[in-house]
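This one's a predicted model, so the numbers in the text were calculated from it and none came from an experiment. Proteins come first, then strands; the chains are lettered A, B, ... in the order of their sequence lines, and each starts at number 1.
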Amino acid sequence: MQLYNTLQRKKEVFVPQSAPDVSMYVCGVTVYDQCHIGHARAYVVFDCLRRYLSHLGYNVTYVQNFTDIDDKIINRSAQLGEDCQVLTERYIQAYFEDMDALGIQRANIYPKATQHINEMLDLIQSLIDKGVAYEAQGDVCFDVTQYDSYGALSGKILEDLEAGARVDLNQNKRNPLDFVLWKAAKPGEPFWDSPFGKGRPGWHIECSAMAMCHLGHTIDIHGGGQDLVFPHHENEIAQSECGSGKPFANYWVHNGFVTIKDEKMSKSKNNFYTIKELLSQFSGPVLRLYLLQTHYRHPLNFSIEGLAAVNQAYARLQSVVDAGYPLDVVSENTSFESLEASFFTAMDDDLNTAAALGIIFDMVKLINKCQCGTGVLLRLLTLLGISVRPSDLDQSDEVAALIEERRVAKKNKDFQKADAIRDQIRSEFGLLIEDTADGVRCKPVS
RNA sequence: GGCGGCAUGGCCAAGUGGUAAGGCAGGGGUCUGCAACACCCUUAUCCCCAGUUCGAAUCUGGGUGCCGCCUCCA
């Protein structure tokens with residue numbers, strides 16, 4: 001398949017270094033708050049990529065970290081008077097709840113920063129030994145001028161960056177663009193002992209250390225949101241490659257932002273939706289379908305109205321599954337094969353889930369027409385991680401009794417009464433009664 | 001100031017040289033006791049200007065508008 005590689009600024013054929021094994025590292029969340037729809041997008045996209053690579057026959061090892069020590073965590077912990085670890089564990093659990101609802105398969109490993117302090121210290125030491133990092137008042141900084149390729153990923157030029165650099169309060173740095181590998185502890189902050197004094201790791205170093213620890217010096221795919229390209233990923237590359245002397249990642253894959261009213265979501269603008277609040281209104285698969293309807297590299301301008309529209313689209317998927325047609329293609333229709341082929345062509349082309357979903361709906365139409373072949377559809381939906389369960393519910397006795405009452409009324413041609421019962425079930429139980437050839441179907445109002 | 005992205009029907013969104021996927025919403029039908037579901041029909045020349053080409057939404061140049069990164073951030 002082809003993947004857009006940020007490093008080369010173009011799509012490239014994906015070739016893992018030692019097929020069929022594929023190593024994939026995706027930057028995880030800093031666990032100090034609830035996840036929002038932007039996080040959802042990133043992890044849905046990479047889950048999708050992971051599923052698709054597996055489908056292609058690769059043996060994917062997927063690592064996604066938790067940043068469980070940093071300024072925001074320390075601040076929040078102080079604010080709540082709660083131990084850092086208690087705080088982060090709570091949000092890790094919340095994270096998994098959200099991801100489960102979105103149908104995201106678990107990564108193989110979820111390393112935590114605090115469990116890799118030694119690996120980080122080793123890496124920092126080797127950077128100092130090589131003369132690309134230096135100690136300054138208990139901090140250890142990376143000297144960006146020592147790494148020739150600095151800026152290659154983000155397309156930035158050191159001189160330009162310096163010209164536009166904003167004021168940095170850290171006077172210990174030789175160059176404003178140098179970044180901190182190890183941060184001296186301030187009073188009252190959590191710390192670890194180190195050869196450089198008590199302190200804690202800088203943000204960037206953890207991903208390098210954890211990625212190399214679990215996946216080796218060179219990983220096949222490194223992913224994350226577009227906002228991580230600079231400086232986070234740029235810095236990861238610098239420190240990793242200086243440390244190991246080897247390329248850090250072959251393919252850099254970045255997903256676009258979720259925006260609200262065309263502006264990036266941010267806490268300061270207070271224009272974000274948490275996954276949990278959206279899940280109170282829409283199901284996980286609907287959310288996932290919504291996210292995958294836009295190509296992963298494009299900005300996605302989020303709106304509740306848009307989500308509601310996709311909710312309707314999802315109902316279409318449900319109703320074709322509800323119809324209960326044979327899973328196999330039992331007609332002479334060869335369109336299934338060509339649709340399936342188109343689906344894979346779309347997915348092969350830089351994970352074009354938007355185009356793939358177009359084909360999914362073509363297939364829905366086809367299934368409704370020839371009344372078979374649901375199995376093909378379900379297989380493709382599984383690749384996208386979109387689960388479609390039959391919407392038929394276990395009815396309460398009360399509802400079942402009403403349905404029976406309505407059946408009798410209908411039989412007696414008392415349609416007025418039958419309609420009244422249908423309305424009653426809708427308003428009291430939120431259930432939609434549909435008459436089909438096989439009897440009554442009962443499903444939630446969407 | 002530097003770098004990058006985007007602009008497709010009422011809304012969302014694919015499509016990177018051969019005469020515009022798909023979803024939602026709307027209109028008209030078929031089916032249905034009525035609905036619902038489903039199916040059929042129906043609604044665009046792709047921000048503007050110039051150019052390259054037999055042919056451009058798709059390439060080039062110039063505009064206009066919007067957004068992002070350069071600072072924590074998926």
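- Going from atom CG of A:L153 over to atom C1' of B:C69 covers 12 Å, rounded to whole Å.
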Requested in this report: Let me see the working for A:Y43 and A:Y95 under ring pair (Phe, Tyr, Trp, His ring centres under 6.0 Å), right down to the final yes or no.
Outcome: CA-CA 11 Å; A:Y43 301 115; A:Y95 173 85; 5.8 Å; yes
Only pairs under 3.5 Å count here: list side-chain donor-acceptor contacts from residues 102-110 of chain A, not counting sequence neighbours, and write none if there are none.
from	atom 1	to	atom 2	distance (Å)
A:R106	NE	A:D100	OD1	3.4
A:R106	NH2	A:D100	OD1	3.2
A:R106	NH2	A:D100	OD2	2.9
A:N108	OD1	A:R50	NH2	3.4
A:N108	OD1	A:Y62	N	2.7
A:Y110	OH	A:A107	N	3.0

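- Among pairs with a residue in residues 28-40 of chain A, those fulfilling salt bridge (charged side-chain N to carboxylate O under 4.0 Å, His left out) read A:D33-A:R76, A:D33-A:K267, at least two apart in sequence or across chains.
- In this view, A:E241 satisfies the salt bridge (Lys or Arg N to Asp or Glu O under 4.0 Å) rule with no residue, not counting sequence neighbours.
- One atom, CZ of A:F230, and another, C1' of B:G2, lie 12 Å apart when rounded to the nearest Å.
- A:K72 comes within 4.0 angstrom of sugar-phosphate atoms only, judged by non-hydrogen atoms across all strands, and of no base.
- Position along RNA chain B of the nearest nucleotide to A:R297 versus A:L228 favours A:R297 as the more 5'-ward residue.
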Please tabulate, for the side chains in residues 6-14 of chain A, all donor-acceptor contacts under 3.5 angstrom to protein atoms that are two or more places apart in sequence or on a different chain.
from	atom 1	to	atom 2	distance (Å)
A:T6	OG1	A:W252	O	3.2
A:T6	OG1	A:H254	ND1	2.7
A:R9	NH2	A:L153	O	3.1
A:K11	NZ	A:D349	OD1	2.8
A:E12	OE1	A:N5	ND2	2.9

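- At a threshold of 4.0 angstrom between heavy atoms, the contacts of A:V229 with the nucleic acid are absent.
- Residue-to-nucleotide contacts include no donor-acceptor pair under 3.5 Å from the side chain of A:K264 to the base of B:C67.
- Taking atom C1' on both nucleotides, B:A44 is separated from B:G26 by 15 Å, rounded to a whole Å.
- Within the structure, salt bridge (charged side-chain N to carboxylate O under 4.0 Å, His left out) pairs that include any residue of residues 281-300 of chain A comprise A:D47-A:R288, A:R297-A:D350 (at least two apart or interchain).
- Annotation: B:C47 and B:C12 have their P atoms spaced 14 Å apart (nearest Å).
- In this model, the phosphate group of B:A38 is approached by a side-chain N or O of A:S319 to a distance below 4.0 Å at OP1 or OP2.
- A:E263 places its CD atom 15 Å from the C1' atom of B:C69, with the value rounded to the nearest Å.
- Stems are defined here as 3 or more consecutive Watson-Crick or G-U wobble pairs with pairing distances under 3.5 Å; those involving RNA chain B are B:1-7 with B:64-70, B:10-12 with B:22-24, B:26-30 with B:38-42, B:47-51 with B:59-63.
- Only the P atoms considered, B:C40 is 26 Å distant from B:C11, to the nearest whole Å.
- Between B:C49 and B:U64, the distance separating the two C1' atoms is 11 Å to the nearest Å.
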List the atom pairs, with distances to 0.1 Å, where a side-chain N or O of residues 336-343 of chain A and a protein N or O form a donor-acceptor pair under 3.5 Å, not counting sequence neighbours.
from	atom 1	to	atom 2	distance (Å)
A:S338	OG	A:S335	O	3.2
A:E340	OE2	A:R379	NH2	2.9
A:S342	OG	A:S338	O	2.9

Report summary line: In 5'-to-3' order, the base (B), backbone-only (S) or no-contact (-) status of each nucleotide in nucleotides 6-25 of chain B, using a 4.0 angstrom heavy-atom cut-off, is -------SSS-----BSSSS
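- Across all strands, A:D262 comes closer than 4.0 Å only to sugar-phosphate atoms, never to a base (heavy-atom distances).
- Relative orientation of the A:Y25 and A:H222 rings is tilted, given thresholds of 30° and 60° on the angle between their planes.
- Here B:C69 presents its P atom at 16 Å from CD of A:E234, a figure rounded to the nearest Å.
- A:E206 has its CD atom 14 Å from the P atom of B:C72, to the nearest Å.
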Using atom names, set out every protein N or O paired with an N or O of nucleotides 31-36 of chain B below 3.5 Å, distance rounded to 0.1 Å.
from	atom 1	to	atom 2	distance (Å)
B:G33	N1	A:D419	OD1	3.0
B:G33	N2	A:D419	OD1	3.4
B:G33	N2	A:D419	OD2	2.6
B:C34	O2	A:R422	NH2	2.5
B:C34	N3	A:R422	NH1	3.1
B:C34	N3	A:R422	NH2	3.2
B:C34	N4	A:D435	OD2	3.0
B:A35	N6	A:D435	O	3.2
B:A35	N1	A:D435	N	3.0
B:A35	N3	A:R422	NH1	3.0
B:A36	O2'	A:E434	OE2	2.6

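- We find that A:D71 and A:K186 are not joined by a salt bridge, their nearest charged nitrogen and carboxylate oxygen being 4.0 Å or further apart.
- Spacing between B:U60 and B:G9 at atom C1', rounded to whole Å, works out to 28 Å.
- A:H222 places its NE2 atom 12 Å from the C1' atom of B:A74, with the value rounded to the nearest Å.
- Only the P atoms considered, B:G15 is 27 Å distant from B:C70, to the nearest whole Å.
- Rounded to whole Å, atom P of B:A74 lies 10 Å from atom CZ of A:F257.
- In this structure the side chain of A:V253 never reaches within 4.5 angstrom of the side chain of A:V45, judged on heavy atoms.
- Phosphate contact (OP1/OP2 of B:C39, side-chain N/O of A:N368, threshold under 4.0 Å): present.
- Spacing of P atoms, B:A36 relative to B:A25, comes out at 12 Å, to the nearest Å.
- Taking atom C1' on both B:A56 and B:U52, the two are 10 Å apart, rounded to the nearest angstrom.
- Using a 4.0 Å heavy-atom criterion, one finds that A:G223 contacts no nucleic acid atom at all.
- Judged as a side-chain hydrogen bond (donor to acceptor under 3.5 Å, both in side chains), and not counting sequence neighbours, A:E398 has no contacts.
- Under the rule for a ring pair (Phe, Tyr, Trp, His ring centres under 6.0 Å), A:F46 has no partner lying at least two apart in sequence or in another chain.
- Partners of A:F344 by ring pair (Phe, Tyr, Trp, His ring centres under 6.0 Å), not counting sequence neighbours, listed by chain and number: A:H55.
- Summarising the geometry, the separation between NE2 on A:H233 and C1' on B:C70 is reported as 16 Å, rounded to the nearest angstrom.
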